[in-house]
Amino acid sequence: MQDEVDRLVEAWNAERPDLDVRPLQVLSRVSRLARHLDRARRAVFADHDLESWEFDVLTALRRAGSPYQLSPGRLLRATLVTSGTMTNRIDRLAAAGLVERHPDPQDKRGVLVRLTDAGRTLVDAAFADLLEREQAILDSLGPGQREVLADLLRTLLIPFDETTEGH
């Protein structure tokens with residue numbers, strides 16, 4: 001059985017036999033899968049009236065553990081956005097009643113962003129639905145195949161993650 005990438009590679013091999021198009025076998029599939037995954041995630045978030053960025057901030061707070069709070073700086077590092085963008089996002093989430101700002105007891109000038117009960121309920125429901133949708137995407141793979149795929153993708157991603165963490 002052929003997929004769209006097989007047809008793409010076949011066409012390039014016919015048109016440009018002088019080029020090694022083997023990277024397309026992997027990376028075009030990763031790219032196409034990323035687009036399908038993005039669509040699936042956006043659908044789950046829309047079901048919960050969330051934007052992707054809202055989910056990112058709320059899950060960063062939820063993963064922090066009780067009392068589900070982080071400094072804006074920690075949220076920046078967790079979500080890889082600028083400080084101006086994070087301020088805007090916190091403002092919008094606070095206006096929606098999903099987070100609150102509290103004084104940081106360790107830093108008189110600082111604040112902590114805390115997930116509200118409503119924010120926690122929302123993100124927990126969205127996360128459960130997301131996992132269900134992502135499980136369905138992986139259903140064609142057995143547990144061993146998933147583990148091998150996860151290991152291979154980790155190997156590819158580590159250099160990028162190390163570069164990102166260094167900045």
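None of the values given here were measured: they were computed from a predicted structure.
Contact record, Ala94 with Arg101: CB-NH1, 4.3 Å, taken as the closest heavy-atom pair. Shortest non-hydrogen contact noted between Ser140 and Gln145 is O-OE1, 4.1 Å. Across all non-hydrogen atoms, the minimal contact from Ala118 to Gly97 is CB-O, 4.0 Å. In this structure, Pro17 and Ala14 approach most closely via the heavy-atom pair CD-O, 3.8 Å. Residues Leu75 and Met86 share a closest heavy-atom pair of O-CE, 3.7 Å.
The ring pair (Phe, Tyr, Trp, His ring centres under 6.0 Å) test applied to Tyr68 returns no partner, not counting sequence neighbours.
Looking only at distances, no side-chain donor or acceptor of Asp124 sits under 3.5 Å from a matching main-chain atom of Thr121.
Listed by first and then second residue, the side-chain hydrogen bond (donor to acceptor under 3.5 Å, both in side chains) pairs that reach into residues 43-58 are His48-Asp129, sequence neighbours excluded. Among residue pairs with one or both ends in residues 147-159, those qualifying as side-chain hydrogen bond (donor to acceptor under 3.5 Å, both in side chains) are Asp151-Arg154; sequence neighbours excluded.
Crowding of Glu4 atom CD: a count of heavy atoms from other residues, nucleotides or ligands under 6.0 Å exceeding 12. In this structure, Glu132 places its CD atom where only 12 or fewer heavy-atom neighbours from other residues, nucleotides or ligands lie under 6.0 Å away. Atom CZ of Phe127 has 12 or fewer neighbouring heavy atoms from other residues, nucleotides or ligands inside a 6.0 Å radius. Within 6.0 Å of the CZ atom in Arg74, the count of heavy atoms belonging to other residues, nucleotides or ligands does not exceed 12.
Judged by distance alone, the side chains of Arg32 and Ser28 never bring a donor and an acceptor atom under 3.5 Å apart.
Side chains of Glu100 and Leu112 form no contact here, defined as non-hydrogen atoms less than 4.5 Å apart. Using a 4.5 Å cut-off on side-chain heavy atoms (C-beta onward), Glu134 and Leu37 make contact. Looking at heavy atoms from C-beta onward, Val81 lies in side-chain contact with Leu76 at the 4.5 angstrom threshold. Using a 4.5 Å heavy-atom cutoff, the side chains of Arg62 and Leu58 are not in contact. Within the 4.5 Å cutoff, the side chain of Val44 has no heavy atoms near those of the Leu50 side chain.
Each of Leu70, Val57, Ile90 was scored for a side chain to side chain contact (heavy atoms under 4.5 Å, CB included) with Val113, with one residue passing: Ile90. Considering Arg42, Arg35, Arg41 in turn, Arg42 is the only one that fulfils the salt bridge (charged side-chain N to carboxylate O under 4.0 Å, His left out) rule with Asp38. Considering Leu115, Thr116, Leu98, Asp117 as possible partners of Leu122, the one that fulfils the side chain to side chain contact (heavy atoms under 4.5 Å, CB included) test is Leu98.
To the nearest 0.5 Å, atoms CG (Leu19) and CG (Leu24) are separated by 9.5 Å. Interatomic distance, CZ of Arg146 versus CD of Gln135, reported as 4.5 Å (0.5 Å rounding). The distance from atom CD of Gln25 to atom CG of Asp3, rounded to the nearest 0.5 Å, is 8.0 Å. The distance from the CG atom of Leu157 to the CG atom of Leu153 is 6.5 Å, given to the nearest 0.5 Å.
The residues Glu10 and Arg7 are annotated as not salt-bridged, no charged nitrogen and carboxylate oxygen being separated by less than 4.0 angstrom.
Linking Ile, Leu, Val, Met, Phe, Trp and Tyr whenever their side-chain heavy atoms come within less than 4.5 Å leaves Leu130 and Leu138 in two separate clusters. Put simply, Leu156 and Leu33 are part of two different groups of oily side chains (I, L, V, M, F, W, Y) that touch within less than 4.5 Å, one to the next.
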